[in-house]
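Comments concern the structure below.
Each chain gets a letter, A, B and so on, in the order its sequence line appears, and its residues count up from 1.
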Amino acid sequence: MRIGKRLFPYPILNNEKIYSQYKNSVFSLQYDEEVSEDKQYYLLNNLHCELDNQMLIDLINADRAKIVCVIECPSTMYRMSHVLPLCPINMQIPLTDLNNKVNISAFVVAKEDIENYRSDDFSDIYEDISFSIEKHDILAADDGYVNNVDFNDLDDNKQASIFIIIKDNSITNGTMQVEYDSEKITISLPEEQWNIYDKTKRIPKYESLYFSIIAVPALGYALSCLQKNDPTVDILRIDYKWFNSFAVAYKKFHGNELTDDVFIKMNTNLEAQMILDSPVASAIDEIFGFTIGMAGGDEYVD
Amino acid sequence: MLINIKMMTDEAYATLQKNYKDVYKQIRNHPSDSTWLEGFLGFNPYKTKKYFIKDFELKDSENYSEVAFENGVILYETIKDLPRYIICNSKFWAWITFEKAYKQAQQAMNLVRPDLVKNFWLTSNSRRSLMLGVVSRSYFRTEISVDDSHDGDKYILTKRLVDGFRGLEMYRALVYRNIGMLKPVSLAFIQCITDANIKYGDTILRQEQLRETMKDASRIGSVMLIDDMDKEEIYDIIFKKLEKRLNDNSLAEELKNP
């Protein structure tokens, strides 16, 4: 749940300073996230809220307010709230309840109606003004974080491919079409060519050839599309699973994290080749190999 | 008997989505079963997953509304304990739709145009698409309305949503607001509309009042943390507002037509 720029009829303490009506106080959600060793749980360790406003702390200690952490995963329709104590705790969520984006936010919420609600730390314009608060009103908010839980649903823990290659009966002009969504890059081929591809894709000597003529241009194209929209690598990694896999492969290949600056200037065609193990040279070698094999080494006549 | 669940493969799903007009023709030409699917794709459409469910059979009827409620309950009782990432995956629902509910899917929605296959048989993974899917909607309609705290019939609100007055509009209002995924909100909303209908009669409650009531629920969340509220608290707020709106409207009607 996100508060964003929402306005309240009374001052709230917001972790985003610009939206906070407190002068100096802090309310900040903190945790360390990891996946359990047995890959069963998403762990939020040391989960707590930094809160230094004494008035709110007193309300919590007096059981008149509480800290509530909301965990929401839109793609699995999972939304749970948990009351947090002032001290850090560890929380675990079954990994199978989550997939893709997970929003974790925290709020201080009134547990009862509160009259004469005021704080010395309210912004100056609220000086000497007190408010009537109703039960469940939000008193402090931290929109927290959006994390990406990349749950691998393959039972054998194999790495899923970032590409899907399918037939499209409506393609009649012999072209290959490329689209992408949050999960994968989809490559559509004319039916006849897809049938050939499907029958030959597992033959090792065609692997580099297929990578060169299908995967490299598709990845290059998809990357170039993302480049056009003033991208932020961190957000792209959350929004597109295939891009996250690309960023991981980029780091493995280059030894550096993929940054915004590097991505914007990147030659996507070249990078796609490198990440996919430079298949062009191998493909040409393979063509040469089986041409020689088929022709029985006959001399080439110009 | 327990069976392994299956999911349609990514390739199969993307191929059917891309070629939805051909899929439409195939369904029209083969109304009784989906054995054409493997031949159409050229490969096995499904992968078997490690999770088990009790095998089940849905009711079929040419008048689908006669069996819609019962089928929703059968689906819910069979599937509810599966992991969320399965239940909220369109490829799982593709297996259910093509293998386990092929006839029912056709009975539930008259396939008069190919785009209906694209939009309701082969949905995206978004919450709204899944909640509107031709078969998945039966499950989600039950999930958001089953009231485990009810002393008698825990499906009493599900019945309202499936067969009751303005049931379809109520479900749509819940689908189109993200807040509808919160169980206390959906239960309070259905109960509120049901009670208003009993108290004020069929004629007075209009579609826009339903939508306004759902907006009222959303507005609660603009200042309060609605996640922290129970269904009774939400009900009290939205029912009062709906009553006020109904009374204001009937007063306005009286003034217009004394």
For this session: Would you mind checking which part of B:Ile226 comes under 4.5 Å of any heavy atom in chain A, side chain (CB onward), backbone (N, CA, C, O), both or neither?
Result: side chain
Seminar exercise, completed: When the 4.5 angstrom heavy-atom criterion is applied to A:Lys66 and chain B, the contacting part is side chain
Seminar exercise, completed: If one checks every heavy atom of A:Pro9 against chain B at 4.5 Å, the contacting part turns out to be side chain
For this session: Give a yes or no on whether the backbone of B:Pro83 and the side-chain of A:Thr96 come within a donor-acceptor separation of less than 3.5 Å.
Result: no
Exercise. Counting heavy-atom pairs under 4.5 Å to chain A, which of B:Asn125, B:Asp22, B:Leu182, B:Asn178 comes out on top?
Worked result: B:Leu182
For this session: Below 4.5 Å from any heavy atom of chain A, which atoms of B:Asn19 appear? Answer side chain, backbone, both or neither.
Result: side chain
For this session: For a side chain to side chain contact (heavy atoms under 4.5 Å, CB included) with B:Val146, tell me which candidate from B:Lys80, B:Lys183, B:Arg141 qualifies.
Result: B:Lys183
Exercise. In terms of heavy-atom pairs under 4.5 Å, which option from A:Ile138, A:Ile165, A:Asp181, A:Val83 contacts chain B the most?
Worked result: A:Ile138
For this session: State, to 0.1 Å, how close B:Ile27 and B:Trp36 come at their nearest heavy-atom pair, and which atoms those are.
Result: CG1-CZ2, 3.8 Å
For this session: Determine the option with the most heavy-atom pairs under 4.5 angstrom with chain A, choosing from B:Thr9, B:Leu41, B:Leu82.
Result: B:Leu41
For this session: With a 4.5 Å cut-off on heavy-atom pairs, point out which of B:Asp228, B:Leu130, B:Asp10, B:Ile220 contacts chain A the most.
Result: B:Asp228
Problem set entry | From B:Ile144 atom CD1 to B:Leu157 atom CG, the distance as rounded to the nearest 0.5 Å | 10.5 Å
Seminar exercise, completed: Given the options B:Arg137, B:Met170, B:Met181, B:Arg128, B:Val175 meets side chain to side chain contact (heavy atoms under 4.5 Å, CB included) only with B:Arg128
Exercise. A:Ser81 versus chain B, heavy atoms under 4.5 Å apart: side chain, backbone, both or neither?
Worked result: side chain
For this session: Counting only heavy atoms closer than 4.5 Å, note whether B:Ser124 contacts chain A via side chain, backbone, both or neither.
Result: neither
Problem set entry | Heavy-atom side-chain contact between B:Trp95 and B:Met8 under 4.5 Å | no
Exercise. Heavy-atom distance under 4.5 Å to chain B: side chain of A:Glu191, backbone, both or neither?
Worked result: neither
For this session: Report yes if some heavy atom in the side chain of A:Arg237 is under 4.5 Å from a heavy atom in the side chain of A:Phe243; otherwise report no.
Result: yes
Problem set entry | Heavy atoms of other groups near B:Lys240 NZ, more than 12 under 6.0 Å | no
Problem set entry | B:Met229, part contacting chain A, at a heavy-atom distance under 4.5 Å | both
For this session: Taking all non-hydrogen atoms of both residues into account, name the closest pair between B:Ala14 and A:Thr186 and its distance.
Result: CB-CG2, 4.5 Å
Exercise. With a 4.5 angstrom heavy-atom cut-off, which part of B:Asp227 approaches chain A: side chain, backbone, both or neither?
Worked result: both
